[in-house]
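Predicted model, so just to flag it, every value in this text is computed and none were measured. Letters go in sequence order (proteins before strands), and every chain restarts at 1.
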There are 2 protein chains.
Amino acid sequence: MELQEAKDRFIHTWGTLATQWGINRTMSQIHALLLLSPKSLNADEIMEELQISRGNVNMNLRDLMSWGLIYKQLLPGERKEYFQAEKDIWKAARQIGRERRRRELSPILETMEEIKKGVSDNSPESAEFLKVVNDIYAVAGFADNTLELVTKAEESWLTSTFMKLFK
Amino acid sequence: MELQEAKDRFIHTWGTLATQWGINRTMSQIHALLLLSPKSLNADEIMEELQISRGNVNMNLRDLMSWGLIYKQLLPGERKEYFQAEKDIWKAARQIGRERRRRELSPILETMEEIKKGVSDNSPESAEFLKVVNDIYAVAGFADNTLELVTKAEESWLTSTFMKLFK
DNA sequence: TTGAATTTTCAAAATATTCTGAAAGTTTTC
DNA sequence: GAAAACTTTCAGAATATTTTGAAAATTCAA
């Protein structure tokens, strides 16, 4: 079947791409599967579809929820929990941006500040070291601000106003 | 010694932060070491400083060079190869941006295009699937454009003009 | 309550990644 | 061109991460 093949390819590729930059393959595949699924799915359906264990499914669903990329849904009359992906991709992307700010940039900023505090003397060597630390702080701060700007913007704003920056 | 302690802390933390988002710890530590080193270092010095094997040092130096974050330096009268980090952190950051575009965003764009091509029929199900693929393509394209803008800009431009976007 | 249905946990197994160190390869010097 | 100095490679070891599956915990209906 043509379409199913394309979907499978999408799920598989999405998983592979994820590993390229430090994201768990299974997590990524579950996300892809939910993105493509018109209806929400329960753990058993995901296990069946991706041929993975219950524990694995459970763990990665929690992870995806912590990233704010999927939601738990309780269907009336159903005992099982169902999961659905955020289907607005722009919203999902902003959510990823927010989380990466929190998980990756904030720690850098905090650490650089702490390290700066720890260097009290003012020898030339210390000054040189502090320059590096300060520069990294500035770059991380710039990235943080930019991501904040972008994650708070609406899609329409992004694709119009912001784009005008490009010649 | 106060300063040395701060440097060690920096190197150690830099390595730990890197693992958080899929970068090899040792590579990150070598980079940090070279960033802080006023003079360029050879493989033996790095081995000694970080207590790691020659093979490990060699492999990660290559990797860092492929990221454009360090340079090989041939000192006159010296047989050994010396390495030095790009000390302009803004330049280094732009370099990372360029590489991530190439390594992470380009593959997404390419894959989405190929997948689109593969879906020929125009059933409602295909349309729904294509919507997801197209949306991801658009988001990745936006990220790619933004990174291009930012990586091509000068620090001065970034910290002045671009910043005016923030209220 | 009880017990069936479902979810969560977690120790052990499987897999993937990173690191070592010695051998092979390369370059330079004499 | 041979030997010394240095760099690269790579198979196996060490480490880290992911996955499994069954037991424990939780939830819910009756």
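- Between the CG atom of A:Asp63 and the P atom of D:dT17 there is a distance of 14 Å, given to the nearest Å.
- In this entry the distance linking CZ of A:Arg25 with C1' of C:dT15 reads 9 Å, nearest Å.
- Ion pairing between a basic and an acidic side chain is recognised when a charged N comes within 4.0 Å of a carboxylate O; B:Arg54 and B:Asp44 show such pairing.
- As a whole-Å value, the separation of B:Arg54 CZ from C:dA23 C1' is 13 Å.
- Listed nucleotides: C:dC19, D:dT7, C:dT7. Nearest to the side chain of A:Lys80: C:dT7.
- For A:Met59 and D:dG21, the CE to P distance is 16 Å, given to the nearest whole Å.
- For A:Asn56 and A:Thr19, each mapped to the nucleotide of DNA chain C holding its nearest heavy atom, the one lying further toward the 5' end belongs to A:Asn56.
- Note: CG (B:Asp44) to P (D:dC6) measures 8 Å, nearest angstrom.
- Side-chain atoms of B:Leu33 and B:Phe83, non-hydrogen and from C-beta on, never get closer than 4.5 Å to each other.
- Taking the side chain of A:Arg79 as heavy atoms from C-beta on, and the options C:dA4, D:dT20, C:dT8, the nearest nucleotide is C:dA4.
- Within 4.0 Å (heavy atoms only), B:Asn24 reaches sugar-phosphate atoms of the nucleic acid but no base atom.
- Considering only the side chain of B:Lys72, D:dT8 comes nearest among D:dT8, C:dT8, D:dT19.
- Listed nucleotides: C:dT8, D:dT20, C:dC19. Nearest to the side chain of A:Ser53: D:dT20.
- Straight-line distance from the CD1 atom of B:Ile46 to the P atom of D:dC6: 15 Å, rounded to whole Å.
- In this structure, B:Arg103 satisfies the cation-pi test against B:Trp67, with its NZ or CZ atom closer than 6.0 Å to the six-membered ring centre and inside 45 degrees of the ring normal.
- Using a 4.0 Å cut-off between charged side-chain N and carboxylate O, A:Glu113 and A:Lys117 make no salt bridge.
- At whole-Å resolution of the value, CG in B:Asn58 and P in D:dC10 are 12 Å apart.
- More than 12 heavy-atom neighbours from other residues, nucleotides or ligands sit within 6.0 angstrom of NZ on A:Lys116.
- Contact between the side-chain N/O atoms of A:Thr26 and the OP1/OP2 oxygens of D:dT18 is not found at any separation under 4.0 Å.
- One can place CE of A:Met47 at 9 Å from P of D:dT20, the figure rounded to the nearest angstrom.
- Looking at heavy-atom distances under 4.0 Å, B:Arg62 makes contact with sugar-phosphate atoms alone, never a base.
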